[in-house]
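Below: one structure, written as structure tokens.
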There are 2 protein chains.
Amino acid sequence: MVSNTDSSEALAQRLSDSGLRSTPQREVIYSVLLKKRDHPTAEDVFARAKPEMPMISLATVYNCLETLVQCDLVRAVNFERGPTRYCPNLRPHAHFHDEATGATHDIELPPGMLDQVKAVLPPHFDATSVEIIFRGKAPSKA
Amino acid sequence: MVSNTDSSEALAQRLSDSGLRSTPQREVIYSVLLKKRDHPTAEDVFARAKPEMPMISLATVYNCLETLVQCDLVRAVNFERGPTRYCPNLRPHAHFHDEATGATHDIELPPGMLDQVKAVLPPHFDATSVEIIFRGKAPSKA
DNA sequence: CTTCATATTTAGAATAGTTCTTATTCCTTG
DNA sequence: CAAGGAATAAGAACTATTCTAAATATGAAG
């Protein structure tokens, strides 16, 4: 389990690696993402951050999320037309979108799976990232 | 190569299978998608359809594209935040998004690849579709 | 510990893409 | 040909996001 302090430090480290500052807003937003990993939208994050930091603005939430994505601490995921969702899971994983409930589940991938998928690329296609999205029905209890 | 007549008939067939009508607008939009398979946006399709049918409205383009998607004649693809793109390729394939040019390439998948990917799902996850999106650099001439 | 330059935040306006609403037109069937 | 449902057109409305400008905070340099 990651303690709050540890993740703050990790955040500060990543930010300064990129020449960025650690700010209270960025910390709150990152902690919100870590606390409930249900792939929230920017609006969701805004709502969850507000109790801890009432003056925070939605624009800041967007800014911070974008910053976290650029530091590789958070992944942005887009399902169809809806709002972008944010995910602090850094391990290689796919996403399963439950069409009945709208919920999104992380699917851990066995090591090598992404390389195996990349192997289908024709010569000279150089992929920096692979995203796999399943759609269907997830087990009800999961 | 698919003749215009053939694709019109295929379209009419698919539509009536779903209890929908074949209309001039739907035919033009489908033919626009078949003619240039560069994953156009709705606005692109609108612009390409207008010369053939000057009175067509953007709302109709959206309606028809949605209809075609529901008939399984067209796939809608979403890369990050941008507009939805449309693809008339019905064979199992992945998409490669060239980050330098913004172009999208279809990547044909070997038979069985999708099942292989589905095999990573834990029990009771039942996927109706799998989408694979690569991002990176494509060969310049492709 | 000030001062300066810059990074960040805020609030609200602006924008892009899409969906909705309403009226009209077009088929299809009786 | 009349009625009813399906489809289209035009533009308003909406949602998610980005932009803009001003205020604030931060870190570095003296």
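Lettering of chains follows the sequences in order, A, B, ..., and the numbering in each one begins at 1.
- Sorted by first and then second residue, the salt bridge (charged side-chain N to carboxylate O under 4.0 Å, His left out) pairs with a member in residues 99-118 of chain B read B/Arg91-B/Glu108; sequence neighbours excluded.
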Please list, one pair per line, the donor and acceptor atoms closer than 3.5 Å that link side chains of residues 47-66 of chain A to other protein atoms, with sequence neighbours excluded.
{"from": "A/Arg48", "atom 1": "NH1", "to": "A/Asp38", "atom 2": "OD1", "distance (Å)": "3.0"}
{"from": "A/Arg48", "atom 1": "NH2", "to": "A/Asp38", "atom 2": "OD1", "distance (Å)": "3.3"}
{"from": "A/Arg48", "atom 1": "NH2", "to": "A/Asp38", "atom 2": "OD2", "distance (Å)": "2.9"}
{"from": "A/Glu52", "atom 1": "OE2", "to": "A/Lys35", "atom 2": "NZ", "distance (Å)": "3.3"}
{"from": "A/Ser57", "atom 1": "OG", "to": "A/Ala59", "atom 2": "N", "distance (Å)": "3.4"}
{"from": "A/Ser57", "atom 1": "OG", "to": "A/Thr60", "atom 2": "N", "distance (Å)": "3.2"}
{"from": "A/Ser57", "atom 1": "OG", "to": "A/Thr60", "atom 2": "OG1", "distance (Å)": "3.1"}
{"from": "A/Asn63", "atom 1": "ND2", "to": "A/Ala59", "atom 2": "O", "distance (Å)": "3.4"}
{"from": "A/Glu66", "atom 1": "OE2", "to": "A/Gln70", "atom 2": "NE2", "distance (Å)": "3.1"}

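- Sorted by first and then second residue, the salt bridge (charged side-chain N to carboxylate O under 4.0 Å, His left out) pairs involving residues 20-34 of chain A (not counting sequence neighbours) form an empty list.
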Under the side-chain contact (heavy atoms from CB on, under 4.5 Å) criterion, do A/Val69 and A/Tyr86 qualify, and how do the steps go?
-> CA-CA 9 Å; A/Val69 168; A/Tyr86 297 88; 4.2 Å; yes
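- Once you apply a 4.0 Å limit to the heavy atoms of chain B, the touched nucleotides of DNA chain D run 5' to 3' over D/dG5 to D/dT18.
- Within residues 11-25 of chain A, the residues approaching DNA chain D are A/Arg21, by heavy-atom distance under 4.0 Å.
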Reading nucleotides 12-22 of chain C from the 5' end, what letters show protein touch, with B for base, S for backbone sugar-phosphate only, - for no heavy atom under 4.0 Å?
-> B----SBBB--
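- Under the rule for a ring-ring contact (aromatic ring centres under 6.0 Å, His included), the partners of B/His95 that lie at least two apart in sequence or sit in another chain are B/His39, B/His93.
- For the salt bridge (charged side-chain N to carboxylate O under 4.0 Å, His left out) condition, no pair includes a residue of residues 69-79 of chain B, sequence neighbours left out.
- Look at A/Glu80 and A/Arg135 and you find a salt bridge, because one of the NZ, NE, NH1 or NH2 atoms lies within 4.0 Å of a carboxylate O, short of that distance.
- A/Asp98 places a side-chain N or O within donor-acceptor distance of the main-chain N or O of A/Ala138, the cut-off being under 3.5 Å.
- For the pair A/Ser18 (side chain) and A/Leu20 (backbone), a donor-acceptor distance under 3.5 Å is absent.
- Axis orientation changes by 20° from one end of the helix from C/dC1-D/dG30 to C/dG30-D/dC1 to the other, with each end axis drawn from 5 pairs and the value rounded to 10°.
- Every residue meeting the ring-ring contact (aromatic ring centres under 6.0 Å, His included) condition with A/Phe96, not counting sequence neighbours, appears here in chain and number order: B/Phe125.
- Listed by chain and residue number, A/His97 satisfy the ring-ring contact (aromatic ring centres under 6.0 Å, His included) test with A/Phe79 (two or more places apart in sequence, or in another chain).
- Counting only residues at least two apart or in different chains, salt bridge (charged side-chain N to carboxylate O under 4.0 Å, His left out) contacts with residues 56-65 of chain A are absent.
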